[in-house]
There are 2 protein chains.
Amino acid sequence: MKLLPEKTVERLSQYRRVLQRELASGTEHIYSHELAKLLHITPVQVRRDIMLIGHSGTLRRGYNIADLIDLIGIIIDCSGQQKVAIIGIGDLGRALLNYLQGSRTKLQLSAVFDNNPDKIGTLYGGILCHNVEHLKKIIKRENVTIAILSVPPAYAVEIANKLTEAGILGILNYTPVSLDVKGAFLEQYDVITSLEKVAYFAKPVNAAIMHQEE
Amino acid sequence: MKLLPEKTVERLSQYRRVLQRELASGTEHIYSHELAKLLHITPVQVRRDIMLIGHSGTLRRGYNIADLIDLIGIIIDCSGQQKVAIIGIGDLGRALLNYLQGSRTKLQLSAVFDNNPDKIGTLYGGILCHNVEHLKKIIKRENVTIAILSVPPAYAVEIANKLTEAGILGILNYTPVSLDVKGAFLEQYDVITSLEKVAYFAKPVNAAIMHQEE
DNA sequence: AATTTAATGTTATATGAATAACAGTAATAG
DNA sequence: CTATTACTGTTATTCATATAACATTAAATT
Ligand SMILES: NC(=O)c1ccc[n+]([C@@H]2O[C@H](COP(=O)([O-])OP(=O)(O)OC[C@H]3O[C@@H](n4cnc5c(N)ncnc54)[C@H](O)[C@@H]3O)[C@@H](O)[C@H]2O)c1
Ligand SMILES: NC(=O)c1ccc[n+]([C@@H]2O[C@H](COP(=O)([O-])OP(=O)(O)OC[C@H]3O[C@@H](n4cnc5c(N)ncnc54)[C@H](O)[C@@H]3O)[C@@H](O)[C@H]2O)c1
């Protein structure tokens, strides 16, 4: 079995979100061009992604929404088997926690860590904040496979090392520190990089070039 | 003049960040392999990016850090000419504001908008929060070119439309709503998509495949 | 029953990005 | 003063992704 392309996986996540909305509103089937429109992409892209995950639609009714949601769940998150931890529950960490808990993702947030004595022992969204000193122990014990890193930059490398030692399988790094982890999938995201990219393409002279090309 | 590749622009942003640190610590020149190491990429990638922006290093001393920082500034943000606004100053908006103000980006955050009467008129990081009803007027008057969108999902499309009508050139969209804007560069980012992507590649069976391939 | 239609499924091509290969050069060592 | 070294700069290739072209099929229409 071959791995799916990264971009396809990203879109599967988005397909699922809008499909959940459609299902909730009573729709049972959806055409590729309808799904495409909801995400502002092309129908071909949708069909190709769905082909890659081995699902089939019916010719005159499109795809069965419930089936597709289930299949995406099996592919992405084992339908609720994977556990997530947030390390560093400051401004960003709390914003992320609220957002995740308000969403329908099947990933279960099951631990939070910090080093601030005022935070340790308190509940965040119903989840107990642990002392980061017990990070390795708890990650192993609870079988957490994914970590969201939102500690101050100075601690990023140290925590990342502890996470890999604890056997973590995926890290989503929001610190502006480039990490190099072995044995785990690493995703880095930084607002400033994103914003400066927007700035470049939004510069009037560049915006003009982009526009004329369309 | 041709546009730079998106990925190159992203890396330029990251080069600048680490170069600013290096410069602050007294270093004047840097080799491609040193810069590469700081970001865990290859030296070839660094040289290629630098070639694309038309900069040259000296053969035995590498690149002049100050010059490179200046050039990246000219390319990305016109060295402080572009202005940024945040729409929706809730949990996420405030986390972003703090982060941007604590950074060295040359993009100047110069307006904040919300629709909550308790927030309108108060200062966030020294910046006055305006009533979102005056969005178009103020964006035009202040010549804001870039907007960060962090309002509740239900308002995303409406605000995006107002932004483009106001002549915005770039939008960084953090709402989980797929937008379709014309005349502006759009960048969308969603934590859940990122996290579910990590979940897929972190699934034990997939992690095994990834590892064996290296 | 044959034909048209409107959808899906698959293969081929084009584009974008990263990597690799190689060419060029100034300082240094012999 | 020639050869070596350790870099930078450019071109070629490979790999990933998106797009486009084409093939297929079940229902609806005539
Ligand atoms: N990637 C982005 O887009 C983005 C946006 C905003 C902030 N950030 C980054 O995210 C991180 C957090 O930002 P923030 O605004 O929430 O900062 P913050 O200071 O509000 O929160 C940091 C939290 O980490 C805790 N902490 C400190 N040291 C720790 C340790 N060793 N172990 C565990 N917890 C520890 C602190 O007690 C605090 O609760 C920073 O690195 C910041 O630069 C990134
Ligand atoms: N992309 C991500 O990774 C990510 C992460 C967290 C949250 N989010 C999204 O970002 C958005 C904000 O999240 P949050 O946690 O800060 O929510 P929040 O409720 O804390 O903040 C929303 C803010 O927008 C304001 N607002 C509401 N309607 C408005 C309008 N019409 N015009 C202007 N302001 C308005 C509210 O008063 C509030 O201050 C939501 O869409 C959320 O889903 C995205």
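Letters A, B, ... are given to chains in the order of the sequence lines, protein chains preceding strands, and every chain is numbered from 1.
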Review point. After noting the C-alpha distance and the side-chain angles of B/D190 and A/R17, does the key distance pass the salt bridge (Lys or Arg N to Asp or Glu O under 4.0 Å) rule?
Key: CA-CA 12 Å; B/D190 180 56; A/R17 188 199 332 252; 2.6 Å; yes
Tell me: [atom1] of [X] to [atom2] of [N], nearest whole Å?
{"X": "A/R47", "N": "D/dT24", "atom1": "CZ", "atom2": "C1'", "result": "12 Å"}
{"X": "B/N64", "N": "D/dT8", "atom1": "CG", "atom2": "C1'", "result": "15 Å"}
{"X": "B/M51", "N": "D/dG9", "atom1": "CE", "atom2": "C1'", "result": "7 Å"}
{"X": "B/L35", "N": "D/dT8", "atom1": "CG", "atom2": "P", "result": "10 Å"}
{"X": "A/L3", "N": "D/dC15", "atom1": "CG", "atom2": "P", "result": "16 Å"}

Return yes if a side-chain donor-acceptor contact under 3.5 Å exists between [X] and [Y], otherwise no.
{"X": "B/E142", "Y": "B/S110", "result": "no"}
{"X": "A/D114", "Y": "A/Y124", "result": "no"}
{"X": "A/T145", "Y": "A/Q82", "result": "yes"}

Is the shortest side-chain N to carboxylate O distance from [X] to [Y] below 4.0 Å?
{"X": "A/E196", "Y": "B/R16", "answer": "yes"}
{"X": "A/K83", "Y": "A/D77", "answer": "no"}
{"X": "A/E28", "Y": "A/R61", "answer": "no"}

Check your understanding: Between residues 54-62 of chain B and DNA chain C, which residues have a heavy-atom gap below 4.0 Å?
Key -> B/L59, B/R60
Check nucleotides 16-18 of chain D for protein N or O atoms closer than 3.5 Å to its own N or O atoms and list the pairs.
from   : atom 1 : to    : atom 2 : distance (Å)
D/dA18 : OP1    : A/R11 : NH1    : 3.2
D/dA18 : OP2    : A/R11 : NH1    : 3.1
D/dA18 : OP2    : A/R11 : NH2    : 2.9

Exercise for review: Locate the shortest heavy-atom distance separating B/Q101 from B/G125; write the atom from each residue and the value.
Suggested key: NE2-O, 3.0 Å
Review point. What are the two closest heavy atoms between A/L19 and A/I65, and how far apart are they?
Key: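 Nearest pair, atom of A/L19 first, then A/I65: O-CG2, 3.5 Å.
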Point to revise | OH/A/Y99: more than 12 non-hydrogen atoms of other groups inside 6.0 Å | key: yes
Revision key, fill the gap. If each end axis of the helix from C/dA1-D/dT30 to C/dG30-D/dC1 is fitted on five C1' pair positions, the angle between them, to 10 degrees, is 20°
Review point. Any sub-3.5 Å donor-acceptor pair from A/N206's side-chain atoms to A/Y200's backbone N or O?
Key: yes
Study note, to complete from the structure: chain A reaches DNA chain C, atoms under 4.0 Å from its heavy atoms, from C/dT5 to C/dA12
Practice item. Applying side-chain hydrogen bond (donor to acceptor under 3.5 Å, both in side chains), name anything that partners A/D91, two or more places apart in sequence or on another chain. Key: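 Partners of A/D91 by the side-chain hydrogen bond (donor to acceptor under 3.5 Å, both in side chains) criterion, ordered by chain and then number, come out as A/R94, B/N98.
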Review point. Tell me, which pairs form a side chain to side chain donor-acceptor pair (under 3.5 Å) where one or both residues lie in residues 168-181 of chain B, sequence neighbours left out?
Key: A/H40-B/S178, A/Y189-B/Y174, B/N173-B/T175, B/N173-B/Q188
